[in-house]
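Working notes for the structure below.
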Amino acid sequence: MIVVVIIGILAALGIPALQRVHERSLATRLANDFRQFESGFQRYALESGQWPAAGAMATIPVGMIGYLPESFTNASPLGGNYQWSGPSHVIVLLGSNATDAIMQRVDAILDDGDLTTGDFQKKAGVGYYLMAH
């Protein structure tokens, strides 16, 4: 019976730590996706002299094949889909079920750790977005 209690205590201590590691991993994957997408849009803008036109959610914008990885059309690691805004040069994550706590981790990787300022922000009713430069 003592062994069962010890195992229960160890499990109770280990599960929250495992959850934090999992959240950190998801935040890192999402931040890397945003970096890859931003790099593709920047390369297109440098080569063509303009940002690409807006695209539909979960589709690669016209002219961007070869610049963006196919993962742009897939659901993000935290749910939701990506969309390119066009002239405002913003990569948007729409429909994600991520919590603000996880997205602040993403923001800390990409920007300043504050979802209300900087290049990575949360826009109420829209989702999260990264401004491409």
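FYI, the numbering just counts along the sequence from 1. Computed from a predicted model, the values in this text were never measured in an experiment.
Note that the CG atom of D107 and the CG atom of D100 stand 10.5 Å from one another [nearest 0.5 Å]. One finds the CG atom of L94 at 6.0 Å from the CE atom of M57 (value rounded to the nearest 0.5 Å). Separation of atoms CZ (R24) and CZ (R105) is listed at 5.5 Å; rounding is to 0.5 Å. Once rounded to the nearest 0.5 Å, the distance linking NZ of K122 with CG of D114 reads 12.5 Å. Rounding to the nearest 0.5 Å places CG of N81 at 8.5 Å from CG of N74.
Both I65 and L68 belong to a common hydrophobic cluster when Ile, Leu, Val, Met, Phe, Trp and Tyr are linked at side-chain heavy-atom distances under 4.5 angstrom. Note: the hydrophobic cluster containing Y128 also contains L26 (ILVMFWY, side chain heavy atoms under 4.5 Å, direct or indirect links). Hydrophobic clustering (side-chain heavy atoms under 4.5 Å, transitive across Ile, Leu, Val, Met, Phe, Trp, Tyr) groups L13 together with V5.
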Open item on the list: Quick one, R29 with L78, criterion side-chain contact (heavy atoms from CB on, under 4.5 Å). Give me CA distance, side-chain angles, the key distance, then yes/no.
Closed with: CA-CA 9 Å; R29 284 180 52 203; L78 295 168; over 6 Å; no
Open item on the list: Walk me through whether H89 and F41 qualify under side-chain contact (heavy atoms from CB on, under 4.5 Å).
Closed with: CA-CA 8 Å; H89 50 90; F41 287 113; over 6 Å; no
Task: side-chain contact (heavy atoms from CB on, under 4.5 Å) between L30 and M103, worked out - done: CA-CA 9 Å; L30 184 64; M103 296 309 277; 3.6 Å; yes
- [ ] Walk me through it: do Q121 and Y129 pass the test side-chain hydrogen bond (donor to acceptor under 3.5 Å, both in side chains)?
- [x] CA-CA 6 Å; Q121 294 187 26; Y129 67 88; 3.1 Å; yes
- [ ] Begin from the C-alpha positions of Y82 and D33 and carry the test side-chain hydrogen bond (donor to acceptor under 3.5 Å, both in side chains) through to its verdict.
- [x] CA-CA 10 Å; Y82 302 105; D33 281 352; 3.1 Å; yes
Open item on the list: If you apply the rule side-chain contact (heavy atoms from CB on, under 4.5 Å), what do you find for V92 with V126, and how did you get there?
Closed with: CA-CA 8 Å; V92 184; V126 176; 4.0 Å; yes
TODO: Kindly indicate, with the supporting measurements, whether the criterion side-chain hydrogen bond (donor to acceptor under 3.5 Å, both in side chains) is fulfilled by D112 and T117.
DONE: CA-CA 8 Å; D112 61 0; T117 63; 2.5 Å; yes
Task: Residues S88, S85; criterion side-chain hydrogen bond (donor to acceptor under 3.5 Å, both in side chains); working and verdict - done: CA-CA 6 Å; S88 59; S85 70; 2.7 Å; yes
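The shortest side-chain heavy-atom distance between Q36 and S39 does not fall under the 4.5 Å cut-off. Side-chain atoms of F72 and I91, non-hydrogen and from C-beta on, do get closer than 4.5 Å to each other. Residues T28 and I109 have side chains in contact (heavy-atom distance under 4.5 Å, counting atoms from C-beta outward). No side-chain heavy atom of I7 sits under 4.5 Å from any side-chain heavy atom of V4.
Within 6.0 Å of CG in L10 there are more than 12 heavy atoms belonging to other residues, nucleotides or ligands. Heavy-atom neighbours of H22 NE2 from other residues, nucleotides or ligands within 6.0 Å: at or below the threshold of 12.
Between F120 and F34, the distance from one ring center to the other falls under 6.0 angstrom.
The closest donor-acceptor contact from the side chain of W84 to the backbone of V90 lies at 3.5 Å or more, if one exists at all. In this structure, S25 contributes its side chain and V21 its backbone to no donor-acceptor pair below 3.5 Å. Between the side chain of S96 and the main chain of L93, no donor-acceptor pair closer than 3.5 Å is present.
Nearest heavy atoms, M131 versus E38: O-OE2, 3.7 Å.
Side chains of Y67 and E47: a donor on one and an acceptor on the other come within 3.5 Å.
Not counting sequence neighbours, the partners of R35 by the side-chain hydrogen bond (donor to acceptor under 3.5 Å, both in side chains) test are N32.
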